[in-house]
Amino acid sequence: MKRLSIRFRITFWFTAALILVVLFTYVAIFFVSDQILQKTIRDNLIETVEDNVDEVEFYQSIAEVDLNADVDHFIEYGKGYLEIDDDFLDSVNQVYTALYQDDGALLYGENPISREVANTGFVDGHVQHIHVAGRKYYIFDRQLTEEGLEGLWLRGVASEEQGVVQNSTLIQISVIFLPLLVLLASVGGYWIAARALGPIQEISRTADQIGRENDLKKRINLGGGEDELHRLADSFNDMFEKLDEAFEAERQFTSNASHELRTPMSVIMAQCEYTLEEPRSAKEYEEALRVIQRQSRKMSGLINDMLDFARLDNHPERYGKEDIDMTELVSSVCTDMALVREKSISLQFDVKDGVGFYGNRELLSRLLVNLISNAYRYGRENGHIFVRLRTGETELYLSVSDDGIGIRGEEQQKIFRRFYQADNSRSGVGLGLGLSMANEIARFHGGNISVESVPGEGSVFTLTVPMP
Ligand code: ADP
């Protein structure tokens with residue numbers, strides 16, 4: 001089954017949660033409002049009836065009545081008269097109050113359901129309810145106890161209708177409004193999720209393109225921004241940059257290596273074809289063999305170097321490490337190399353006593369030989385080479401200085417690349433692998449090689465490695 005998009009899933013869960021909240025809100029609204037409503041109706045009913053208690057009075061004779069006062073109703077009752085004040089609320093806010101006799105006879109006031117409640121006995125100070133024609137009514141009775149009023153009851157009746165009307169408006173509003181809110185929130189949520197996840201689509205589109213077209217030059221472009229996805233895109237772009245550089249270096253290496261191998265190979269083949277064209281003298285054969293030997297040595301050197309690179313790159317663990325007496329190693333390499341005396345260059349060295357180091361003896365002496373060979377190769381007639389071994393607090397420094405041709409500023413970083421040769425040194429002697437090998441060896445030991453050089457004056461190459 002196809003996985004649903006993150007955008008859809010976020011919106012789905014968000015909407016589901018919202019619907020749940022809305023349902024809870026509905027229940028809460030209905031429940032609480034119903035409770036409040038019932039209480040309001042009951043309180044209102046009780047209050048109205050209680051207010052009316054004082055509005056009924058008894059008089060022995062009509063002569064006692066102050067006829068100047070605002071009076072409304074007189075009813076003959078027992079041995080006197082009942083006076084019902086005009087403040088008597090027989091119908092207010094759906095609350096009806098009526099005056100009854102013990103036997104249920106209505107003396108004054110209104111009761112919308114008088115027939116239906118005719119058989120409902122009076123209960124003093126207690127709210128009862130009754131359903132008439134599907135509608136709920138509350139009834140509250142109050143016995144009158146003043147002198148002369150014995151046997152009289154006030155009965156209040158309130159309908160639930162008013163409350164239902166109020167309630168239904170509330171329901172109508174919430175039934176329309178809340179789902180609309182959910183709809184709006186989910187559409188908005190979907191839109192926001194789409195916007196927030198848009199950059200991810202761009203990232204995966206670019207990654208797809210790179211995979212399909214094999215083009216590591218492509219970059220993810222999200223426009224300006226500082227959020228997590230922009231940082232992710234930046235990290236991806238950095239990674240593409242590094243991969244591109246690595247692939248480029250690899251491509252360059254393969255193309256250079258095959259080029260370097262092809263030249264001696266063509267020389268060997270041309271030499272063979274030329275020599276075999278006709279019978280040659282022994283001297284000519286010897287010369288031909290010497291050419292072939294030289295070219296083969298070059299090829300074999302190159303192949304060895306390439307194998308060493310591959311081993312250092314892919315299987316560094318194959319080069320073991322041991323405790324080395326660096327003082328002894330550097331001194332013996334320098335003593336041997338001093339014998340070269342190419343271009344009458346003299347080699348001197350200053351080596352600190354008792355320097356130990358944990359590393360690979362073969363690789364370190366190779367590094368030093370490479371640096372000294374370069375100093376000879378690019379040194380001037382009667383020049384000087386100076387090798388120095390010293391230690392800092394936590395580092396070991398091994399430097400080789402010469403007073404030779406020097407290296408131009410812009411070339412100083414490039415000379416560590418494989419097969420790179422500066423213009424002035426394309427003599428055909430070297431292959432451009434010595435320094436990159438030295439650099440690999442430095443990295444193998446957790447350090448690096450730096451160069452300082454002034455064209456025409458000389459160069460200093462320094463190996464810096466941390467000491468354990
Ligand atoms: P190669 O010496 O075989 O050409 P390297 O990797 O040893 O290759 O050196 C790369 C380039 O760096 C050289 O071609 C040369 O131009 C420059 N170089 C290296 N060492 C020195 C030095 N001591 N003085 C001047 N240039 C140097």
Side-chain angles (χ1 to χ4, degrees), residues 249-250 252-264 294-295 297-310 312-313 330 333-334 337-338 340-349 363-388 397-444 447-464:
E250 217 53 49
Q252 200 65 40
F253 180 70
T254 322
S255 117
N256 287 342
S258 39
H259 179 77
E260 295 295 339
L261 281 172
R262 202 174 320 139
T263 317
R294 242 193 341 267
Q295 297 301 327
R297 279 210 183 114
K298 207 168 173 183
M299 283 173 70
S300 127
L302 178 63
I303 290 168
N304 281 342
D305 281 350
M306 282 166 57
L307 284 176
D308 284 343
F309 271 121
L312 257 184
D313 265 359
V330 175
V333 170
C334 288
M337 293 296 285
V340 174
R341 289 201 64 82
E342 206 180 315
K343 299 181 204 161
S344 305
I345 294 173
S346 66
L347 187 152
Q348 282 160 336
F349 52 95
L363 292 177
L364 286 169
S365 66
R366 182 132 162 225
L367 176 146
L368 186 55
V369 169
N370 281 1
L371 294 182
I372 297 176
S373 306
N374 277 352
Y376 272 116
R377 197 177 294 160
Y378 307 108
R380 61 176 167 83
E381 221 43 66
N382 296 316
H384 303 85
I385 299 175
F386 188 66
V387 178
R388 193 164 173 216
Y397 304 99
L398 175 61
S399 61
V400 178
S401 339
D402 64 64
D403 48 5
I405 60 171
I407 309 155
R408 290 208 313 269
E410 66 270 26
E411 294 199 306
Q412 288 179 12
Q413 285 314 308
K414 299 183 188 162
I415 53 176
F416 293 100
R417 294 183 190 165
R418 293 174 192 182
F419 291 106
Y420 187 85
Q421 292 186 299
D423 284 343
N424 58 5
S425 53
R426 288 203 172 272
S427 55
V429 190
L431 286 171
L433 287 176
L435 280 183
S436 51
M437 188 69 195
N439 200 32
E440 289 288 328
I441 294 171
R443 280 180 38 199
F444 173 79
N448 61 68
I449 293 187
S450 60
V451 59
E452 283 168 54
S453 182
V454 180
E457 287 187 20
S459 321
V460 184
F461 285 87
T462 308
L463 162 77
T464 309

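Order of listing sets the numbers, starting from 1, for every ligand and every atom in it.
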Return yes or no for this condition: an N or O of Ile405 is under 3.5 Å from an N or O of ligand 1. no
Of the backbone atoms (N, CA, C, O) and the side-chain heavy atoms from C-beta on, which set of Leu371 has a member under 4.0 Å from an atom of ligand 1: side chain, backbone, both, or neither? neither
Report yes or no: do Thr462 and Ser399 form a side-chain donor-acceptor pair below 3.5 Å? no
Would Tyr378 count as being in polar contact with ligand 1, using the rule that some N or O on each side must be under 3.5 angstrom apart? yes
Note, Phe416 side chain near Val451 side chain (heavy atom, < 4.5 Å): yes
Below a 4.0 angstrom heavy-atom separation, can you tell me which part of Phe461, side chain or backbone, both or neither, approaches ligand 1? side chain
Taking heavy atoms and a distance under 4.0 Å, where does Ile415 meet ligand 1: side chain, backbone, both or neither? both
From the candidates Gly379, Gly432, Ser453, the one that places a heavy atom nearest atom 3 (O) of ligand 1: Gly432
Subset of ligand 1 atoms that lie under 4.0 Å from at least one heavy atom of Gly434: 5 (P), 6 (O), 7 (O)
Taking side-chain hydrogen bond (donor to acceptor under 3.5 Å, both in side chains) as the definition, give me every residue that meets it alongside Arg417, ordered by chain and number, with sequence neighbours left out. none
Which residue is it: Gln413, Lys414, Glu411? I am looking for the one with a side chain to side chain donor-acceptor pair (under 3.5 Å) to Tyr420. Glu411
What part of Arg377 sits under 4.0 Å from ligand 1 if we count only heavy atoms: the side chain, the backbone, both or neither? side chain
Check side-chain contact (heavy atoms from CB on, under 4.5 Å) between Ser346 and all other residues, then give those that pass, not counting sequence neighbours. Arg341, His384
Does Glu342 have more than 12 heavy atoms from other residues, nucleotides or ligands lying within 6.0 Å of its CD? yes
For atom 9 (O) of ligand 1, which candidate among Val460, Leu435, Ile372 provides the closest heavy atom? Leu435
